[in-house]
2 protein chains.
Amino acid sequence: MSAETLTKAQQRMLKMVREYIEENHFPPTLSELAKTLDVNVNAVRDHLLALDRKKFLRYVPNISRGIELMQEKPKGIPIYGYVPAGHPFMSQENIVDTFEVQRYISASDDMFGVYVRGDSMKDAQLATGDLLFVDPKRDAQNGVIVVALVEGEPTVKWFYREGSMVRLVPANKKYKPIVIARHDESFKVLGVVVGMIRALDKQRIDSFMKYKKAS
Amino acid sequence: MSAETLTKAQQRMLKMVREYIEENHFPPTLSELAKTLDVNVNAVRDHLLALDRKKFLRYVPNISRGIELMQEKPKGIPIYGYVPAGHPFMSQENIVDTFEVQRYISASDDMFGVYVRGDSMKDAQLATGDLLFVDPKRDAQNGVIVVALVEGEPTVKWFYREGSMVRLVPANKKYKPIVIARHDESFKVLGVVVGMIRALDKQRIDSFMKYKKAS
DNA sequence: ATGAATACTGTATATTTTTACAGTATAAAT
DNA sequence: ATTTATACTGTAAAAATATACAGTATTCAT
């Protein structure tokens with residue numbers, strides 16, 4: 001018997017526990033559960049022991065309210081890779097990955113975001129409205145995109161180190177590269193751009209446009 | 001007296017409670033706290049009552065482990081908008097938003113992701129390796145980008161409805177639009193692309209550049 | 001058909017946990 | 001100078017909680 005199956009009564013019990021914690025933010029006592037489910041305390045106890053054994057929660061004996069829900073695995077968004085024609089597209093087997101936001105977002109504690117404005121990075125496919133994730137702790141290697149502060153002005157550019165100088169290159173021939181001394185006081189790399197997210201539905205785009213006009 | 005000041009002893013108590021919950025995932029009893037802090041239960045009680053009054057936690061009398069921490073605001077990634085020159089860039093006041101992933105990702109329960117491959121959507125700035133978020137529940141309006149199944153083949157295109165027909169337009173003049181009957185059995189819209197995320201670490205950028213040159 | 005797990009009831013009892021009452025001492029506030 | 005809040009101690013009692021033991025009835029796989 002795989003440890004994953006719960007009986008009806010156990011499911012009901014688990015549900016009860018969840019609801020209690022949801023409402024009170026601390027776990028219930030056996031007797032409270034017994035009362036709401038209108039069964040004997042020992043019935044409750046049996047179920048909690050079973051649920052603990054099956055790893056749906058942790059039941060600590062001898063301790064009042066010694067119940068801890070196992071946190072459900074963070075449900076990632078399934079990611080389907082491209083598959084050869086003829087195969088059913090969206091099926092378990094085609095999930096090549098799941099997207100757990102943490103993996104992208106929580107890399108560094110002081111990660112921050114900046115919106116892109118203007119077309120200076122258009123050849124790097126960064127457009128107005130894109131949200132960039134910037135990691136201030138990451139070391140800037142040649143060729144990465146950085147957010148830098150040049151004379152008080154924040155700017156997004158490709159980063160190249162050339163000896164004691166730094167070249168900040170826009171991804172648009174319309175604009176000229178900035179070359180500046182690495183230790184110039186008016187220059188500071190705020191962080192390396194490690195990711196980008198872009199809203200693509202109509203509503204989001206519209207609301208962004210409004211924001212743009214206002215600013 | 002503003003309700004925000006805590007005495008030394010109260011701070012210590014709050015810290016203890018936090019640590020206990022961090023470790024056990026359920027709240028402590030008064031006596032447990034008293035024991036670890038080596039004070040009398042009633043000292044603990046006094047502090048809990050004070051902490052409740054000052055809204056640092058909720059203390060429910062007559063209930064074992066009736067302690068609930070007030071949850072701190074979810075710490076999102078701060079997003080800095082572009083600011084006029086001269087202003088300090090990264091300061092509290094410049095945070096125009098915070099990124100709470102849920103707002104982007106959890107819109108619909110059965111949201112899924114697909115990786116982009118190829119250059120058929122390059123004028124919509126979608127490149128190989130981009131991860132698209134697709135909402136199968138969202139209604140496809142004209143002009144949105146959809147993931148559709150055409151004769152068993154998944155494809156990413158602009159969506160336009162033209163009477164009883166549907167026009168799927170690639171964002172690249174190299175490729176031709178697909179026009180198909182709305183109710184054609186070999187055609188199905190899997191969902192609307194509502195967002196996109198792209199990793200921008202060095203590897204990605206390099207492979208993007210290589211791909212760009214090749215195309 | 002039969003042992004094992006499930007799903008309970010009921011009555012006690014042990015233990016844990018909270019509260020109540022009565023103080024003492026110190027620091028801050030009016 | 002005197003109240004008021006803080007920060008405790010100590011003992012005892014009340015209550016809330018968990019467990020133990022002894023059953024019964026039902027389901028379920030072998």
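Letters A, B, ... mirror the listed sequences (proteins, then strands); counts begin at 1.
- D:dA18 atom C1' lies 6 Å from atom OH of A:Y59, rounded to whole Å.
- With a 4.5 Å cut-off on side-chain heavy atoms, A:K8 and A:R12 do not count as touching.
- B:D46 has its CG atom 17 Å from the P atom of C:dG23, to the nearest Å.
- Across the protein-nucleic acid pair, A:E32 atom CD and C:dT17 atom P stand 14 Å apart, rounded to whole Å.
- At distances below 3.5 Å, not a single donor-acceptor pair connects side-chain atoms of B:E68 with backbone N or O atoms of B:R58.
- Close to D:dT19, at under 4.0 Å from its OP1 or OP2, lies a side-chain N or O of A:R45.
- We find that CG of A:N40 is positioned 13 Å from C1' of D:dA22, with the value rounded to whole Å.
- Nearest to the side chain of A:P61, among D:dT6, C:dC8, D:dT19, sits D:dT19.
- Within the 4.5 Å cutoff, no side-chain heavy atoms of B:L37 are placed close to those of B:H47.
- Of the listed nucleotides (D:dT17, D:dT19, C:dT18), D:dT19 has the atom at the smallest distance from the side chain of A:L30.
- B:A9 comes within contact range of the sugar-phosphate backbone alone, with a heavy-atom separation under 4.0 Å but no base atom that close.
- Nearest to the side chain of B:N42, among C:dA20, D:dC8, C:dT6, sits C:dA20.
- The side chain of A:T29 has D:dA18 as its nearest neighbour among D:dT9, D:dA18, D:dT6.
- Contact check for A:L14 versus A:R18: side-chain heavy atoms found under the 4.5 Å cut-off.
- When distances are taken from the side chain of B:T7 to each of D:dA7, C:dT17, C:dT6, the shortest belongs to D:dA7.
- Whole-Å rounding puts the A:L33 CG to D:dT17 P distance at 11 Å.
- Nearest-nucleotide positions on DNA chain D place B:H47 closer to the 5' end than the other of B:N62 and B:H47.
- Dashed line: the shortest gap from a side-chain N or O of A:R12 to OP1 or OP2 of C:dC8 is under 4.0 Å.
- Straight-line distance from the CZ atom of B:F26 to the C1' atom of D:dA18: 14 Å, rounded to whole Å.
- Between A:K8 atom NZ and D:dC28 atom P the separation is 10 Å, expressed in whole Å.
- Applying the 4.0 Å criterion to OP1 and OP2 of D:dA16, one finds that A:S64 has every side-chain N and O outside that range.
- Put simply, CE on A:M70 and NE2 on B:H25 are 10.0 Å apart, with the number rounded to the nearest 0.5 Å.
- Rounded to whole angstrom, the span from the CG atom of A:D38 across to the P atom of C:dC8 amounts to 11 Å.
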